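Keep in mind that this is a model prediction, so the values were computed, not measured. Residues: numbered from 1 along the sequence shown.
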Amino acid sequence: MLRKRNLVTGLPWYILRLSTLFVFGFLLTSCDKSITPEKPFETYNTSKIDSLKKEVSYITVPIDLKVSEIEKQINQQFKGLLYEDDSFEGDDLKVKIWKQADLKFKARGDGFFIFDVPLKIWVEKKVNVLGMSQSPSTQFEMKARFSSRPFISANWELKTLTNAEGFEFITEPKLRLGGFNVPITGIVSSLLDNYQGTIARMIDESVADKVDIKTPVLTVWNKLKEPLQVSEDYDLWTNVEPQDILMTELRSDKDLIHTSVSIKAIINSSVGKTEKKIRQSTELPPIKFVKKLPEGFGVYLYNLVTFSQAEKISNELFRSNRYKFSGGREIEILGVHVFGGEKNKLIIQINTAGDLNGTIFLTGDPVYDDKRRELILTNTEFDLKTKNVLKKAALWVMEGNLEKSIESDFGIPVDPIFEMAKSSIDEFFKTELQNGIKLNGKVNEIKPIGVNLQPEGLMTIVEINGDLGVKL
């Protein structure tokens with residue numbers, strides 16, 4: 001029997017038909033492969049943001065006390081008749097001492113001030129001459145010299161430690177007896193040696209009673225607790241939790257007594273005003289004295305790149321892009337959708353056409369790249385369920401490094417984050433807490449330190465370091 005053969009090839013007709021069907025089927029499946037893997041579960045974890053709210057900061061409050069103000073307080077309290085003994089009992093003397101003029105402090109350079117107190121002294125002396133009792137009196141002037149070291153106690157009192165440094169007679173003390181002048185310098189000197197200590201204590205008491213440094217610091221302490229809006233556009237707020245107070249020793253010069261207080265605090269920031277109730281303090285913690293104050297504040301601010309913004313940028317980057325694979329295959333990206341997945345992974349849903357029609361899902365870690373100044377992806381790979389489908393239907397896609405190409409090209413510019421943070425803090429530093437109490441500081445460094453996926457988008461966490469003070 002003769003078998004039918006193709007005239008051109010000489011092959012049997014049924015072999016040709018089988019070959020044709022095989023080639024056609026291969027071309028059909030390779031040119032129109034369609035996959036729809038299951039979508040990864042969408043989820044978000046906000047715990048990372050809450051864990052960043054414990055950065056220790058130090059807010060410096062310089063305190064300058066005018067020497068003239070301390071002089072004024074002392075002179076107001078310490079004036080006129082300072083001492084009166086109107087009895088001869090015990091020493092046969094009556095004495096009155098007046099302060100003649102205001103005292104003036106002069107810095108000695110070792111933390112001490114020296115000053116003179118001009119005094120006028122009246123003395124009446126009981127004497128017996130030839131069996132007769134007489135009580136002549138005299139007046140004279142002198143300067144009593146003192147040194148005083150101001151300091152602040154742990155319970156917030158400005159005090160002075162005043163010591164007698166001797167005295168100098170301007171006019172010599174003499175009594176007139178029987179037509180003769182009788183010097184009484186020795187008697188008066190002994191009296192003043194004892195009384196100078198009394199004057200020193202009077203000076204110290206007048207300073208402790210009248211100079212208040214606790215109230216302004218307590219005002220700053222409570223004002224810092226109140227929420228402050230850092231940025232209206234981003235609805236960013238900060239509030240301060242004061243913890244402790246450190247202080248250096250007083251330093252003095254001609255006109256001022258200086259010290260600095262450092263309030264140890266935690267500065268919290270939030271998107272939206274916190275509703276936490278603020279409790280006002282009526283007392284300050286005891287001062288901890290240190291040789292040198294720690295400096296610097298640290299605060300975290302948050303900037304949101306919404307998923308709609310991220311998708312817009314991603315589609316501008318990838319839509320209509322064509323990727324070539326082995327065997328002459330090619331796919332085209334029709335669109336990109338992004339959302340959050342487990343373990344803070346960014347999920348990229350890619351709709352494709354060409355030799356692969358359908359949807360694939362990639363996962364990657366969103367991080368900030370210092371050199372590119374962009375949010376980028378690392379550890380990008382096909383989602384597990386996408387992998388399983390591709391292994392069965394289109395292994396060539398997995399072998400073509402598509403995920404690495406997407407990772408290389410993906411980038412969301414975040415320079416606006418730096419500008420937002422800088423302008424927000426600049427405005428923050430202009431804040432007046434109360435009349436005469438203003439913030440004062442500078443930013444040393446601004447850097448994104450993490451990206452946390454929120455239901456609304458990619459939240460970039462920005463760390464800001466600098467120096468912050470309060471100017472009284």
Side-chain angles (χ1 to χ4, degrees), residues 58-79 82 99 102-115 117 144-165 196-225 242-265 279-294 433-437 469-472:
Y58 293 92
I59 302 171
T60 303
V61 184
I63 298 176
D64 292 333
L65 302 172
K66 292 182 178 179
V67 173
S68 59
E69 185 63 27
I70 298 176
E71 291 174 346
K72 179 182 176 182
Q73 297 295 343
I74 294 174
N75 287 320
Q76 286 178 348
Q77 291 287 108
F78 184 66
K79 61 183 178 182
L82 304 179
K99 177 165 159 278
D102 287 345
L103 59 87
K104 293 287 185 182
F105 278 18
K106 182 178 180 181
R108 196 168 70 181
D110 55 357
F112 281 82
F113 288 89
I114 56 173
F115 57 94
V117 180
R145 178 155 292 175
F146 298 87
S147 66
S148 187
R149 182 177 68 85
F151 67 96
I152 296 175
S153 67
N155 61 347
W156 292 94
E157 290 181 339
L158 176 66
K159 294 187 175 183
T160 52
L161 181 62
T162 303
N163 297 305
E165 298 281 347
Q196 266 193 288
T198 302
I199 295 177
R201 288 192 297 274
M202 291 171 65
I203 292 172
D204 292 340
E205 289 170 3
S206 67
V207 172
D209 288 343
K210 293 297 181 181
V211 181
D212 178 21
I213 64 167
K214 181 178 179 180
T215 299
V217 177
L218 182 60
T219 300
V220 171
W221 180 273
N222 282 320
K223 280 293 179 182
L224 286 172
K225 294 181 181 181
Q243 306 288 309
D244 226 335
I245 295 183
L246 310 178
M247 180 181 283
T248 56
E249 291 185 357
L250 297 183
R251 308 178 308 279
S252 58
D253 59 24
K254 181 179 179 181
D255 301 313
L256 294 173
I257 297 173
H258 310 278
T259 188
S260 291
V261 167
S262 191
I263 298 177
K264 181 181 177 181
R279 182 177 296 177
Q280 296 291 296
S281 301
T282 57
E283 292 293 332
L284 291 170
I287 301 170
K288 295 181 179 179
F289 292 96
V290 295
K291 291 184 178 181
K292 184 179 180 180
L293 293 179
L433 300 177
Q434 189 169 304
N435 291 339
I437 302 176
V470 176
K471 189 175 183 180
L472 298 176

In the structure I gave you, are the side-chain heavy atoms of W221 and I245 within less than 4.5 Å of one another anywhere?
yes

When rounded to the nearest 0.5 angstrom, what is the spacing between CG in L161 and CD1 in I203?
11.5 Å

The salt bridge (Lys or Arg N to Asp or Glu O under 4.0 Å) partners of D255 (sequence neighbours excluded) come to none

What is the distance from atom NZ of K104 to atom OG of S68, rounded to the nearest 0.5 Å?
8.0 Å

For K99, side chain to side chain donor-acceptor pair (under 3.5 Å) partners two or more places apart:
N75

Below 4.5 Å, heavy atoms only, C-beta onward: do L158 and L250 meet side chain to side chain?
yes

Spatial distance of atom CZ (F112) from atom CZ (F146) [nearest 0.5 Å]
14.5 Å

Hey, can you pull the donor-acceptor pairs under 3.5 Å for the side chains in residues 147-154, sequence neighbours left out?
unit_1, atom_1, unit_2, atom_2, d
S147, OG, E165, OE2, 2.8
S148, OG, T162, OG1, 2.9
S153, OG, N155, OD1, 2.4
S153, OG, E157, N, 3.1
S153, OG, E157, O, 3.4

Heavy-atom pair with the smallest gap, counting every atom of P242 and A265:
CA-CB, 3.9 Å

Might you work through the side chain to side chain contact (heavy atoms under 4.5 Å, CB included) test for L293 and Y58, ending with a clear yes or no?
CA-CA 9 Å; L293 293 179; Y58 293 92; over 6 Å; no

Please identify each residue that fulfils side chain to side chain donor-acceptor pair (under 3.5 Å) with D102, with sequence neighbours left out.
none

Residues in salt bridge (Lys or Arg N to Asp or Glu O under 4.0 Å) contact with R251, at least two apart in sequence or another chain
none

Under the side-chain contact (heavy atoms from CB on, under 4.5 Å) test, which residues partner A107, sequence neighbours left out?
F113

side-chain contact (heavy atoms from CB on, under 4.5 Å) involving E283 - partner list, sequence neighbours excluded
K214

Contacts of type side-chain contact (heavy atoms from CB on, under 4.5 Å), residue T282, not counting sequence neighbours:
none

Sequence neighbours left out, what passes side chain to side chain donor-acceptor pair (under 3.5 Å) with S260? Give chain and number order.
none

Residues at least two apart in sequence or cross-chain that pass side-chain contact (heavy atoms from CB on, under 4.5 Å) with K106, listed by chain then number, are I114

Quick check: are there more than 12 heavy atoms from other residues, nucleotides or ligands sitting under 6.0 Å from CD of Q76?
yes

Pairs where residues 58-75 contributes a residue and the test salt bridge (charged side-chain N to carboxylate O under 4.0 Å, His left out) is met, not counting sequence neighbours
none

Could you state the interatomic distance from CD (E205) to OG1 (T160), rounded to the nearest 0.5 Å?
9.5 Å

Side chain to side chain donor-acceptor pair (under 3.5 Å) with K225: which residues, sequence neighbours excluded?
S281

How long is the span from the CG atom in N163 to the CZ atom in R145, to the nearest 0.5 Å?
14.5 Å

Which distance, rounded to the nearest 0.5 Å, do you find between the CD of Q280 and the OG1 of T219?
9.5 Å

Could you check L218 against W156 for side chain to side chain contact (heavy atoms under 4.5 Å, CB included), going step by step and ending with a plain yes or no?
CA-CA 10 Å; L218 182 60; W156 292 94; over 6 Å; no

